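Report on one structure; see the data block that follows.
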Amino acid sequence: MSELPHVRPERPAEPLTAETAPVRLSALDLLSFLCAMFAVVTLAIWGFTAWDAPWNVILGIATPLATLIVWGLFASPRAVVRVHPFVRGLVELLIYLSATIAWWSAGQTWIGLGFAVVAVVVGVLAGRRRLS
């Protein structure tokens with residue numbers, strides 16, 4: 001009997017739930033994340049370059065920080081405040097609009113317009129997927 005290996009019984013694996021299931025990311029999720037990060041970086045650049053000292057430091061830090069807080073509260077995939085998908089889309093649209101206006105105020109109209117088109121298309125596609 002000493003030739004048999006020692007086997008201890010183990011608990012069966014827990015079934016997968018919504019919290020423990022692996023997350024599958026698509027290209028649309030990646031594009032949505034990149035649009036949000038581009039908006040945050042845009043607002044940081046705008047804050048540091050559009051104002052004189054000491055306001056440039058204050059707004060260069062506060063503007064992207066406020067954007068990240070609003071995005072984390074309402075628009076992130078694990079948002080703190082669960083809102084209707086229409087409200088979530090509206091929050092995303094306001095963040096993208098603020099980045100577009102920041103580019104326009106910096107004299108870079110084409111960059112702002114290009115970002116607006118890409119962000120709205122990605123937002124509409126992601127919103128439609130969330131609703132289905």
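Since the model is a prediction, treat every value here as computed from it, not as a measurement. Worth knowing before you read on, the calculation uses all heavy atoms, side chains too, and leaves out hydrogens, waters and symmetry mates.
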Check whether Ile95 and Phe74 end up in the same hydrophobic cluster, where Ile, Leu, Val, Met, Phe, Trp and Tyr are linked by side-chain heavy atoms less than 4.5 Å apart. yes
Looking at every non-hydrogen atom in both residues, tell me the closest pair between Tyr96 and Ala39 and how far apart they are. CD2-CB, 4.3 Å
Rounded to the nearest 0.5 angstrom, the OG-CD distance for Ser76 and Glu92 is 9.5 Å
Can you name the side chain to side chain contact (heavy atoms under 4.5 Å, CB included) partners of Val124, sequence neighbours left out? Val120, Arg128
What I'd like to find out is whether the side chain of Ser98 reaches to under 4.5 Å of the side chain of Leu43, using heavy atoms alone. yes
Thr67 side chain to Thr63 main-chain N or O, any donor-acceptor pair under 3.5 Å? yes
Test Ser105 against Trp46 for side-chain hydrogen bond (donor to acceptor under 3.5 Å, both in side chains), laying out the working first. CA-CA 9 Å; Ser105 71; Trp46 173 79; 3.2 Å; yes
Can you say whether the rings of Phe38 and Trp103 are parallel (under 30°), tilted (30 to 60°) or perpendicular (over 60°)? parallel
List the steps, then state whether side chain to side chain contact (heavy atoms under 4.5 Å, CB included) holds for Met37 with Leu68. CA-CA 9 Å; Met37 289 303 104; Leu68 287 173; 4.1 Å; yes
Compare every heavy atom of Arg129 with every heavy atom of Ser26, then report the nearest pair and how far apart it is. OG-NH1, 2.7 Å
Tightest non-hydrogen contact, residues Val83 and Arg88, listed as CG2-N, 3.9 Å
What distance do Thr42 atom OG1 and Ile101 atom CD1 have between them, rounded to the nearest 0.5 Å? 12.5 Å
Provide the closest heavy-atom pair for Ala116 versus Thr100 in the form atom of the first, atom of the second, distance. CB-OG1, 3.6 Å
Decide whether Val81 and Val91 are clustered together by the hydrophobic rule: side chain heavy atoms of Ile, Leu, Val, Met, Phe, Trp, Tyr closer than 4.5 Å, transitively. yes
State whether the number of non-hydrogen atoms from other residues, nucleotides or ligands found under 6.0 Å of Trp71 atom CH2 is greater than 12. yes
Val40 with Val80, same ILVMFWY side-chain cluster at under 4.5 Å: no
Starting from Val57, can I reach Trp51 by hopping between I/L/V/M/F/W/Y residues whose side chains sit under 4.5 Å apart? no
Exercise: identify the closest heavy-atom pair between Cys35 and Ala119: SG-CA, 4.0 Å
Please tell me whether Val118 and Leu94 are part of a single hydrophobic cluster in this structure, the criterion being side-chain heavy atoms less than 4.5 Å apart. no
So, taking the atom named CG in Leu65 and the one named CG in Leu59, what distance separates them when rounded to the nearest 0.5 Å? 12.0 Å
